[in-house]
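Please read the structure below before turning to the comments.
These values consider heavy atoms only, across backbone and side chains, with no hydrogens, waters or symmetry-generated copies. We number each residue from 1, following the sequence as shown.
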Amino acid sequence: MNSALTAAAAGFGTGLSLIVAIGAQNAFVLRQGVRRDAVLAVVAICALSDAALIALGVGGVGAVVVAWPAVLTAVGLIGGLFLIGYGCLAARRVLKPSALTVEPGATGATGATGSAVPAGSAVSVGATGSAGAAGAAGAPGVAGVVGAAGVPGPSGVAGVAGRAGSRRRAVLTCLAMTWLNPHVYLDTVFLLGSIAADRGPWRWTFGLGAMLASLVWFAALGFGARLLSPLLARPSAWRVLDALIAVTMIVLGAMLIAGV
């Protein structure tokens, strides 16, 4: 039992040492967390992807990855270009920041005071959850009225479609950042796999500890980021966050391409 606990603890610590770092994936998870956009999906993708890669490494596939340097070269080029492109998008958001204000107890779709919500303005989630402009007497606007039969108005339908598109983009971006990053294969597959091999019969226990570390970290990063919501309700705070993300992405992308 002591050997198993030691191996699991070593896997947990080693996994955290490799995961907890400033990188594109962590920056993306943080942004999704503070935006409260597809957080569960993003956290699940990161944790499950790490678990699969750790399992490959523990199973001995790390040696195969190292034996094919051309694969890492191709992934490095594609991943580097992807990170630079995403960094440029974040840099563009610096020039036109947005903000998200969430009121306690909000249970419904997004709504905002005024007749329209221009890009880059603050969006507030009302307690009633009806989407639309608030009239002088506090009644919801026509576009966001939910009829007696429970049928949402045109803006409500557009909001549902927009959230679905946002979730899809978040999932695809997260998958690309995870699987197009050659450091993931070097660190998670090869390095963790090599360390696990030294554990002998406890190598899978070591791997489970590393998988647990990944799950704990990404869950804390994604869901814990919500504590920053009051701060990031201001466009200026989003400008700072997007600037940091832009610099991180572009630098990492350039480093990946330069290292190929």
Check your understanding: Between Phe223 and Leu40, is a side-chain contact (heavy atoms from CB on, under 4.5 Å) present by the stated rule, with each step listed?
Key -> CA-CA 8 Å; Phe223 294 105; Leu40 179 60; 4.1 Å; yes
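- For Cys46 against Val29, the heavy-atom pair with the smallest separation is SG-CG2, 3.7 Å.
- Proximity of Val58 to Arg199: side-chain heavy atoms (C-beta onward) are nowhere separated by under 4.5 Å.
- The line from CD1 of Ile250 to CD1 of Ile245 is 11.5 Å long, rounded to the nearest 0.5 Å.
- No salt bridge links Arg92 with Asp242; every basic N to acidic carboxylate O contact stays at or beyond 4.0 Å.
- Here OG1 of Thr173 is found 10.5 Å from CZ of Arg31. Values are rounded to the nearest 0.5 Å.
- Side-chain contact check for Val171 versus Val42: every heavy-atom pair is 4.5 Å or farther apart.
- The CZ atom of Phe28 sits 14.5 Å away from the OG1 atom of Thr248 when rounded to the nearest 0.5 Å.
- The shortest non-hydrogen separation linking Val39 to Gly33 is CG2-CA, 3.9 Å.
- The shortest heavy-atom contact between Ile195 and Thr14 is CD1-CG2, 3.8 Å.
- Contact detail for Arg167 and Ala41: the closest heavy-atom pair is NH1-CB, 4.1 Å.
- Exactly one residue among Thr188, Asp50, Leu16 makes a side-chain contact (heavy atoms from CB on, under 4.5 Å) with Ser214. That residue is Asp50.
- To the nearest 0.5 Å, atoms CG (Asp37) and CZ (Arg169) are separated by 8.0 Å.
- In the hydrophobic clustering of this structure, Val247 groups with Met255; members are Ile, Leu, Val, Met, Phe, Trp, Tyr whose side-chain heavy atoms approach within less than 4.5 Å, directly or through other members.
- Here the shortest heavy-atom pairing between Phe206 and Ala196 reads CD2-CB, 3.6 Å.
- Separating the OG1 atom in Thr178 from the CD atom in Gln25 is a distance of 4.0 Å, to the nearest 0.5 Å.
- Nearest heavy atom pair, residue Trp202 against residue Ala4, reads CZ3-CB, 3.5 Å.
- The same ILVMFWY cluster, assembled from side-chain heavy atoms under 4.5 Å apart, contains both Leu30 and Val216.
- Of the inter-residue distances, the one linking Ser49 atom OG with Ile54 atom CD1 reads 10.5 Å to the nearest 0.5 angstrom.
- At least one donor-acceptor pair under 3.5 Å links the side chain of Asn26 to the backbone N or O of Ile19.
- Linking ILVMFWY residues whenever their side-chain heavy atoms come closer than 4.5 Å, directly or via other members, leaves Val251 and Leu89 in distinct clusters.
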Less than 3.5 Å apart, which donor and acceptor atoms pair up between the side chains of residues 76-87 and the rest of the protein, not counting sequence neighbours?
none

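- For the pair Tyr185 (side chain) and Trp179 (backbone), a donor-acceptor distance under 3.5 Å is present.
- Side chains of Met211 and Leu215 form no contact here, defined as non-hydrogen atoms less than 4.5 Å apart.
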